[in-house]
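Here is the structure we will look at.
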Amino acid sequence: MSRIEPRTFRGTRDFLPSELIPRRRIVSIIEEAYRRYGFQPLETPAIEYLEILTGKSEENDKLIYEIRRARGDAEDSAESAIALRYDLTVPLARVVAQYAELPRPFKRYQIQPVWRADRPQPRQGRYREFVQCDADILGTDSPLADAEIVALTSEVLTALKFEKYRIRLSSRKFLAGLSELVTGNETHFFDFCRCLDKLDKIGWDGVEQEFGKNNIPAKDARARVTELMASGGTEPDFAGARKLVAGNGAAEVGLNEIETVYHAARDLGVPQGKLSFDATLARGLDYYTGPIFETVSEELPHLGSLTGGGRYDGLVATFSKQNVPATGTTIGLDRIQTALTQLERFKSEPSETQVLVARFDDAGVGKSLELAAELRRAGLRAEIWYDNDRMKKQFSYADQQQIPFVVIAGPDERERGEVSLKNLRTQEQVTLAQSDLAAHLLNVVKAQAGSPDSSGN
RNA sequence: GUGGCUGUAGCUCAGUUGGUUAGAGCAUUGGAUUGUGGUUCCAAGGGUCGGGGGUUCGAAUCCCCUCAGCCACCCCA
């Protein structure tokens, strides 16, 4: 009989324990920050009706996985088409439209996988199944909400010990105005942004070539944008920038909102040098309507953006008569993990077990089980040994799994009502009364967790 | 979606101009006289040479197709 080759679908991954343990640590740091800002949890189904997901952007529609039964018959085609969600923002908009009872402002966070049918590239932290960590505020058009999202992003990255990151800030309104100023009309907006966004990568000559390819009349773009960029950066000269776009309403409004968000975010604690006004940031061409932002790691430019978001005031209205203004961001968990891995700061951990209760001889099995139960009642993560194996094998397992303590109750210890406790890291072994074991170990473990020596991201 | 590179053991790779039973290191399992790991030594298990077809007396090696993986672009998290 032919075996089936065990494999995972391209662009998807298994998370083995040694990787998942530190990965979950990252998630809990993100979640803690979200909760500190007063966001409430939300989960939605992986599967949505196709019509919910499509129509936001042509490019995106091509990347949506549709679902069908493995053995369908004619009747199935009568069922509504369904698909895997592409992001968490669209399902959120659906939820807000669907449940009138939700409060305003509605602040929710959501940490769940999404699926996109594009070509995976692990080095760039790009997968077909990946986890997004979203935080969004709905029901207010105040720039303070945008600023809070920016501050939250910064706080998470700082908590994750990223040092060289930069949050780029711009505004879709500003870009629309700029496009109009440079090209003379509104028709080239999307192409204009896309070309401009490549500036970092291909330089001005390249951008001008791109303009040519797309038939964008942008002869004085270089001079104008260069000046604007000089007014931007981490200490933007908004007054100067305003002069450069004077007379264009959209650009002026956009600039004002950028300025408000910038200062509010700084007041909220975003460190100097981490937030920049960036006239060439052109992301989020789908449903964004106001301020937009993304984060890049300056050490890992090939990774693209670690986070991305912005204001999308029109999205809820695609599901409802109500027009609900909204802003938010997503933090890419897999990008974060990829970044930390490439920075060699993501250390694998094979086990979270704190103590292994060894099995010494058949006569001592009952005692070992009692000890494990006692340790577990004290809140320690304890494992027992199942088979009648030598100490060598049991210690070898503990070592391999990086379990720091082994408890032994052989005939000698049992006779005196004692146990031996070995610390595999320090190689110290102590013998103590059985009744003191749990309390003693709890103290030692606590002290270890507090020491600077203990690892942890 | 476009272009390029690569596919030999679980992992990293050797394999001479096509030539007998395809090798190494790491990992795994067992052992070095049975109360203690991380070092060392010995041994064992494990391979449709990605898959299919072709050329040849003979293919891991040459040709074609296909699949998979990686990289860049596109786009993004």
Side-chain angles (χ1 to χ4, degrees), chain A residues 2-3 5-11 13 16 30 57-63 86-89 111-134 153 190 193-195 197-198 201-202 206 210 213 281-286 288 292-297 300 302-310 328-339 356 358-361 364 385 388-414 419-429 431:
Chain A
S2 74
R3 250 184 292 268
E5 198 196 359
R7 55 186 188 145
T8 50
F9 176 55
R10 180 168 201 198
R13 300 169 292 166
L16 301 185
I30 295 171
S57 148
E58 230 176 279
E59 277 295 309
N60 294 359
D61 288 1
K62 286 192 268 184
L63 299 179
Y86 170 92
D87 68 9
L88 301 179
T89 311
I111 300 174
Q112 289 195 279
V114 303
W115 293 267
R116 294 183 191 177
D118 61 3
R119 185 161 299 190
Q121 237 165 278
R123 195 176 94 91
Q124 298 179 2
R126 175 201 210 92
Y127 299 93
R128 285 182 172 169
E129 177 182 66
F130 60 97
V131 170
Q132 294 196 319
C133 310
D134 276 36
T153 302
F190 290 103
C193 291
R194 204 163 347 95
C195 295
D197 192 48
K198 293 182 190 170
K201 216 170 232 173
I202 62 180
E210 289 286 311
K213 269 188 222 161
L281 167 65
R283 74 176 354 272
L285 296 174
D286 356 76
Y288 292 117
I292 50 177
F293 21 84
E294 72 168 26
T295 310
V296 290
S297 163
L300 308 164
H302 61 272
L303 224 54
S305 50
L306 256 34
T307 82
T329 192
T330 179
I331 294 180
L333 176 61
D334 299 273
R335 286 276 164 89
I336 297 279
Q337 185 178 337
T338 303
L356 171 69
R359 163 170 172 152
F360 192 84
D361 51 12
W385 194 261
N388 192 4
D389 290 312
R390 316 168 164 203
M391 283 300 106
K392 179 184 172 73
K393 191 168 178 180
Q394 302 185 38
F395 270 85
S396 169
Y397 171 81
D399 180 51
Q400 205 177 28
Q401 293 294 299
Q402 293 173 27
I403 298 170
F405 293 97
V406 177
V407 167
I408 307 148
D412 299 349
E413 288 92 345
R414 294 204 299 273
V419 294
S420 290
L421 174 67
K422 177 154 183 178
N423 181 330
L424 297 208
R425 299 216 174 116
T426 64
Q427 306 188 49
E428 288 164 349
Q429 181 162 326
T431 298

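By convention in this document, chain letters (A, B, ...) are assigned in the order of the sequence lines, proteins followed by strands, and residues within each chain are numbered from 1. It should be emphasised that the depicted structure is a prediction, and the values quoted were computed from it without experimental measurement.
Distance check: A/Ile331 CD1 to A/Thr153 OG1 gives 5.0 Å after rounding to the nearest 0.5 Å. The line from OG1 of A/Thr8 to CZ of A/Arg13 is 10.0 Å long, rounded to the nearest 0.5 Å.
Residue A/Arg116 places its side chain closer to B/A77 than to any other of B/G35, B/C74, B/A77. Of the candidates B/C75, B/A72, B/G37, B/A72 carries the atom nearest the A/Gln121 side chain, counting heavy atoms from C-beta on. The side chain of A/Arg390 lies closest to B/G31, out of B/U28, B/C74, B/G31. Out of B/C75, B/G31, B/G35, the shortest distance to the side chain of A/Ile408 is found at B/G35. With distances taken from any side-chain atom of A/Arg10 to the nucleotides B/C70, B/U28, B/G35, the minimum falls on B/C70. When distances run from any side-chain atom of A/Lys198 to the nucleotides B/C73, B/C75, B/G37, the shortest one goes to B/C75. When the nucleotides B/G35, B/C75, B/G38 are ranked by their closest atom to the side chain of A/Pro411, B/G35 comes out on top. Comparing atom distances between the A/Arg119 side chain and each of B/G35, B/C74, B/U2 picks out B/U2 as nearest.
Base-pair partner of B/G25: B/C11 (Watson-Crick or G-U wobble, both distances under 3.5 Å). If you check B/G1 for Watson-Crick or wobble pairing at under 3.5 angstrom, you find it paired to B/C73. Pairing of B/A59, defined by two Watson-Crick or G-U wobble distances under 3.5 Å, is not identified with any nucleotide. A 3.5 Å limit on both hydrogen-bonding distances identifies no Watson-Crick or G-U partner for B/G18. In this entry B/A68 has B/U6 as its Watson-Crick or G-U wobble partner, both defining distances falling under 3.5 Å. With both pairing distances under 3.5 Å, B/G30 is matched to B/C42 as a Watson-Crick or G-U wobble pair.
The closest side-chain donor-acceptor pair between A/Asp334 and A/Tyr127, if any, does not fall under 3.5 angstrom.
Separation of the P atoms belonging to B/C74 and B/U29 is 47 Å when rounded to the nearest angstrom. When the P atom is compared between B/G52 and B/A9, the two are found 16 Å apart, to the nearest whole Å.
Within 3.5 Å, a donor on the side chain of A/Arg335 pairs with an acceptor on the base of B/C76, or the reverse. Within 3.5 Å, no donor on the side chain of A/Lys392 pairs with an acceptor on the base of B/U36, nor the reverse. Contact of A/Gln394 with B/U36 (side chain to base): no donor-acceptor pair of N or O atoms is detected under 3.5 Å.
At a threshold of 4.0 angstrom between heavy atoms, the contacts of A/Glu413 include nucleobase atoms, whether or not backbone atoms are also involved. Across all strands, A/Tyr397 comes closer than 4.0 Å to no nucleic acid atom at all (heavy-atom distances).
A sub-4.0 Å separation between OP1 or OP2 of B/A72 and a side-chain N or O of A/Gln124 is present. For B/A77, neither phosphate oxygen OP1 nor OP2 lies less than 4.0 angstrom from any side-chain nitrogen or oxygen of A/Arg128. For the OP1/OP2 pair of B/G30 and a distance below 4.0 Å, the side-chain nitrogens and oxygens of A/Lys393 include at least one atom meeting the criterion.
Atoms CG (A/Asp118) and P (B/C73) sit 14 Å apart, rounded to a whole Å. Residue A/Arg123 contributes atom CZ, which lies 9 Å from atom C1' of B/A72 at whole-angstrom precision.
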